[in-house]
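Here's the structure, in structure tokens; my notes come after.
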Amino acid sequence: NKAQLQLSQAPTEVKELAQTFNMMLARLAESWEQQRQFVGNVSHELRTPLTVVLGYLQSLLRRSTNLNDYQQEALQTAADEADRTVRLLQDLLNLARADSGYAHYSLERLSLNDVVTEVVQMTEKYSDRVIRVEAIGNIAAIADRDRLKQVLINLIDNAVKYSDAEQPIILSIDRLDGQALIRVRDRGVGIPLQDQSRIFERFYRVDEARARTTGGHGLGLAIVKTLVEGMGGNVTVRSKLGAGTEFSIALPT
Ligand code: ADP
């Protein structure tokens, strides 16, 4: 709506041009919405049966006692690929939901300390990594609790994937220029300067060779950016190759 041209005093040709432009904008918004819904629906329809396939493969692997090497490897590969694809579909579904806009966010005043502690306790259970939390006092922000948790999970997941097991991961909560700030810091491989502006794009991965072994699809940070901006905040990155990476999430208070 902001982009709509309003030219009440303008000559007829300009008015007609403005009308055409506004019509094009409306069509664009409509086709974008259709595309979003399409991706969401397809992801959902594919995820459900594939989750069943994955479940059976995993149960076969667990229960079969006399598999030969070939059978074991075939089942394991099929299960791994099904698992990767289920995660991709979940990410696509998350993106389609995140794109649905401001109206669907349930924004409330939250204690960041509570949300961060909750996420850290949860991720420590499955990642076997030490995650340190640093906070000066209790800091509140306006956000959607579940979406913020998703953002932090994605960032911690990356910190775990792209740093060595003995290195700490640090989450800090702070205030800056009237905003609340959550930083996720690791001492991992870092991100080359020329890639830093592109890592938030959908399906963008730095260096396919190093990325392939970690099993993602390049959607994690695109989800982070869409969700954070959907909550009225913004996300930035600072990183040095070989030294580590820090993502900062600024949220309104
Ligand atoms: P994925 O991790 O699935 O590849 P993401 O969208 O989460 O996708 O990240 C995009 C790329 O940014 C990754 O491929 C990786 O190269 C880089 N990256 C993200 N987080 C980090 C991090 N903490 N340290 C180093 N590189 C990172």
Side-chain angles (χ1 to χ4, degrees), residues 36 39 43 46-47 50 54 80-99 116 119-120 122-124 126-134 146-174 181-231 233-250:
R36 183 190 72 74
V39 172
S43 310
L46 291 177
R47 191 188 55 157
L50 200 60
L54 177 61
D80 288 349
E81 288 306 309
D83 180 50
R84 241 167 75 82
T85 312
V86 167
R87 280 188 286 127
L88 166 66
L89 293 170
Q90 183 60 53
D91 277 352
L92 285 171
L93 206 57
N94 285 340
L95 256 183
R97 284 193 189 130
D99 278 337
V116 165
V119 171
V120 165
M122 198 172 73
T123 45
E124 271 184 338
Y126 70 78
S127 77
D128 275 341
R129 290 288 292 267
V130 180
I131 300 171
R132 243 174 32 219
V133 179
E134 294 172 350
D146 290 334
R147 259 96 175 210
L148 180 57
K149 277 162 71 177
Q150 170 88 61
V151 164
L152 296 175
I153 289 169
N154 286 10
L155 292 178
I156 295 172
D157 257 6
N158 280 348
V160 168
K161 278 195 298 195
Y162 300 108
S163 68
D164 288 334
E166 67 278 5
Q167 298 290 355
I169 295 165
I170 300 159
L171 262 76
S172 59
I173 310 168
D174 222 329
L181 213 59
I182 305 176
R183 293 194 183 94
V184 181
R185 193 157 82 236
D186 67 62
R187 294 208 203 113
V189 294
I191 303 166
L193 195 62
Q194 73 267 21
D195 294 300
Q196 288 177 20
S197 59
R198 303 203 54 194
I199 51 173
F200 296 101
E201 291 171 18
R202 292 167 191 206
F203 295 107
Y204 189 82
R205 311 192 73 197
V206 178
D207 179 5
E208 269 301 324
R210 93 169 171 183
R212 198 172 301 124
T213 54
T214 57
H217 293 277
L219 284 175
L221 289 178
I223 293 172
V224 165
K225 185 174 161 72
T226 310
L227 290 177
V228 170
E229 290 178 356
M231 295 189 287
N234 72 291
V235 53
T236 52
V237 63
R238 280 194 330 147
S239 183
K240 198 160 173 245
L241 208 56
T245 303
E246 179 184 272
F247 286 95
S248 303
I249 308 290

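Just so it is clear, the model here is predicted, and its values are computed rather than measured. All residue numbers in this chain count up from 1 along the given sequence. Counting starts at 1 for both ligands and their atoms, in listed order.
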With atoms numbered from 1 as shown, which atoms in ligand 1 lie under 4.0 angstrom from a non-hydrogen atom of L221? 5 (P), 6 (O), 7 (O), 9 (O), 10 (C), 12 (O), 19 (C)
Inter-residue atom distance K161.NZ - R129.CZ, 0.5 Å rounding: 13.0 Å
Which of the ligand 1 atoms, numbered from 1, are nearer than 4.0 Å to a heavy atom of K161: 1 (P), 2 (O), 3 (O)
Taking 4.0 angstrom as the limit and counting only heavy atoms of L219, give me the atoms of ligand 1 inside it, by number and element. 6 (O), 8 (O)
Any side-chain heavy-atom pair from V224 and F247 closer than 4.5 angstrom? no
Before signing off on this row, confirm whether Y204 and ligand 1 have an N or O atom pair separated by under 3.5 Å. no
Residue portion contacting ligand 1 (non-hydrogen atoms closer than 4.0 Å) for T245: side chain
How close do L92 and S43 get, heavy atom to heavy atom, and via which atoms? CB-OG, 3.4 Å
Heavy-atom contact check, 4.0 Å cutoff: does F200 meet ligand 1? no
With a cut-off of 4.0 Å, which atoms of ligand 1 are near a heavy atom of G220? 5 (P), 6 (O), 7 (O)
Which atoms of ligand 1 are found less than 4.0 Å from any heavy atom of G218? 1 (P), 3 (O), 4 (O), 6 (O), 8 (O)
Can you find a heavy atom in the side chain of V235 that is under 4.5 Å from one in the side chain of F200? yes
Passing option when V184 is tested against L171, N154, T245, V237 for side-chain contact (heavy atoms from CB on, under 4.5 Å): L171
Presence of salt bridge, D83 and R87, under 4.0 angstrom: yes
Sub-4.0 Å heavy-atom approach of G190 to ligand 1: yes
Are any of the side-chain heavy atoms of I153 and M122 separated by less than 4.5 Å? yes
